[in-house]
Amino acid sequence: MSSITLKTFASFIILVLFQVFIFNQINLFGYINPLVYLLFMVNYRFDGNQTFFIFLGFLLGFSIDLMSQTGGAHTIASLTVSFLRPLLIRNAFGVISELPKSFKNDPRKLNRILFLFLFILTHHLTYFIVIYFSWDAFLLIISGALITSFFSIILVLPISFISKTSK
């Protein structure tokens, strides 16, 4: 196995365990639960195999659902952002500009923050739509997605910048 494969596997396992045993226990204001496992999907190489990434997105969501007993909401949301990731990359970094090889290697901080915001907001909107699955809960879906996205970004952004500088 190459060192990149080992690092990818290790970060997968570590983020799943941290999400299930630490971050799922945090309930800010009774219902806000930051989803930090998305850091794995954000940090996956942009030039990597898209089919393998979709498979990893499925495994990531399924692992979180299995260990948290959430009934498939994480799997559906992770698969959605896995499919939409190339579109989100193009929207955040531009179509004409040269795309970076990964999220960590791009020096444009505003583009990185925009990508992170779009990625997490898309995931959280999908997650809350699947959880509530009702037009009657429209305000709950929007407010839950926005507030949880805000707290997830507050946690994921510093971790991503710290992990970039430590390598």
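Excluded from the calculations below are hydrogen atoms, water molecules and symmetry mates; all remaining heavy atoms, backbone and side chain alike, are included.
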*Non-hydrogen side-chain atoms of Y127 and I76 separated by less than 4.5 Å*: no

_Looking at every non-hydrogen atom in both residues, tell me the closest pair between A145 and L121 and how far apart they are._
O-CD1, 4.4 Å

*Give the cluster check for V156 versus I154: same hydrophobic cluster or not, with ILVMFWY residues linked at side-chain heavy-atom distances below 4.5 Å.*
yes

_Would you say H124 and S152 are linked by a side-chain donor-acceptor pair, where the criterion is simply a distance under 3.5 Å?_
yes

*Taking the side chain as every heavy atom from C-beta outward, state whether Y37 and S78 have any pair of such atoms under 4.5 Å apart.*
yes

*asked:* So which atom in V20 and which in Q25 form the shortest heavy-atom distance, rounded to 0.1 Å?
replied: O-NE2, 3.4 Å

*Do V81 and T126 come close enough that some side-chain heavy atom pair is under 4.5 Å?*
no

*Should we say atom CZ of F150 is surrounded by more than 12 heavy atoms from elsewhere, each under 6.0 Å from it?*
no

*Which pair of heavy atoms, one from G144 and one from T148, lies closest together, and at what distance?*
O-OG1, 2.7 Å

*Do you know which two heavy atoms are closest between A137 and Y132, and how far apart they sit?*
CB-CB, 3.7 Å

*Do S143 and F128 have side chains that get closer than 4.5 Å, going by heavy atoms?*
no

*Would you check if L114 and L110 make a side-chain contact, meaning some heavy-atom pair closer than 4.5 Å?*
no

Sequence neighbours excluded and cut-off under 3.5 Å, please list the side-chain donor-acceptor pairs for residues 49-61, or say none.
residue, atom, partner, partner atom, Å
N49, OD1, T51, N, 3.1
Q50, NE2, S82, O, 2.8

*Does the side chain to side chain contact (heavy atoms under 4.5 Å, CB included) test come out yes or no for I113 and I153, once each step is laid out?*
CA-CA 9 Å; I113 292 170; I153 288 171; 5.9 Å; no

_Counting neighbours of CZ on F62 that are heavy atoms of other residues, nucleotides or ligands and sit closer than 6.0 Å, is the number greater than 12?_
no

_Reference residue I120; test side chain to side chain contact (heavy atoms under 4.5 Å, CB included); the match among L157, L39, L38, L35_ = L38

*Enter the distance from M67:CE to H74:NE2 here, rounded to the nearest 0.5 Å.*
12.0 Å

*Are the side chains of T80 and H123 in touch, meaning some heavy atoms are under 4.5 Å apart?*
no

*Between CD1 of I26 and CG of N33, what distance do you get to the nearest 0.5 Å?*
7.5 Å

*asked:* For a side chain to side chain contact (heavy atoms under 4.5 Å, CB included) check, start with the C-alpha distance between F18 and V36, then their side-chain angles and the critical distance, and finish with the verdict.
replied: CA-CA 8 Å; F18 268 74; V36 179; over 6 Å; no

*asked:* To check you understand the geometry: which heavy-atom pair defines the closest contact between S68 and N24, and what is its length?
replied: OG-ND2, 2.7 Å

*Is there side-chain contact between V16 and F12, with at least one heavy-atom pair below 4.5 Å?*
yes

_Go through it in stages, so that I can follow the logic: the residues are F117 and R112, the test is side chain to side chain contact (heavy atoms under 4.5 Å, CB included), and I'd like the CA-CA distance, side-chain angles, deciding distance and then a yes or no._
CA-CA 9 Å; F117 176 76; R112 289 173 61 191; over 6 Å; no

_Does the plane of the ring in F40 sit parallel, tilted or perpendicular to the ring in Y44? Use 30° and 60° as the thresholds._
tilted

*Under 6.0 Å from the CZ atom of F151, do we count more than 12 heavy atoms belonging to anything else shown?*
yes

*Is it possible for you to say whether I159 and M41 belong to one hydrophobic cluster, with membership spreading through side-chain heavy-atom contacts below 4.5 Å?*
yes

*asked:* Between V130 and I142, is there shared hydrophobic-cluster membership here, with clusters defined by ILVMFWY side-chain heavy atoms closer than 4.5 Å?
replied: no

*Kindly give the heavy-atom pair with the smallest separation between I64 and T70, and that separation in Å.*
O-OG1, 4.4 Å

*asked:* Would the distance check show the side chain of S11 and the main-chain N or O of T8 forming a donor-acceptor pair, the cut-off being under 3.5 Å?
replied: yes

*Hey, are the side chains of I22 and L17 touching, using non-hydrogen atoms and a 4.5 Å cut-off?*
no

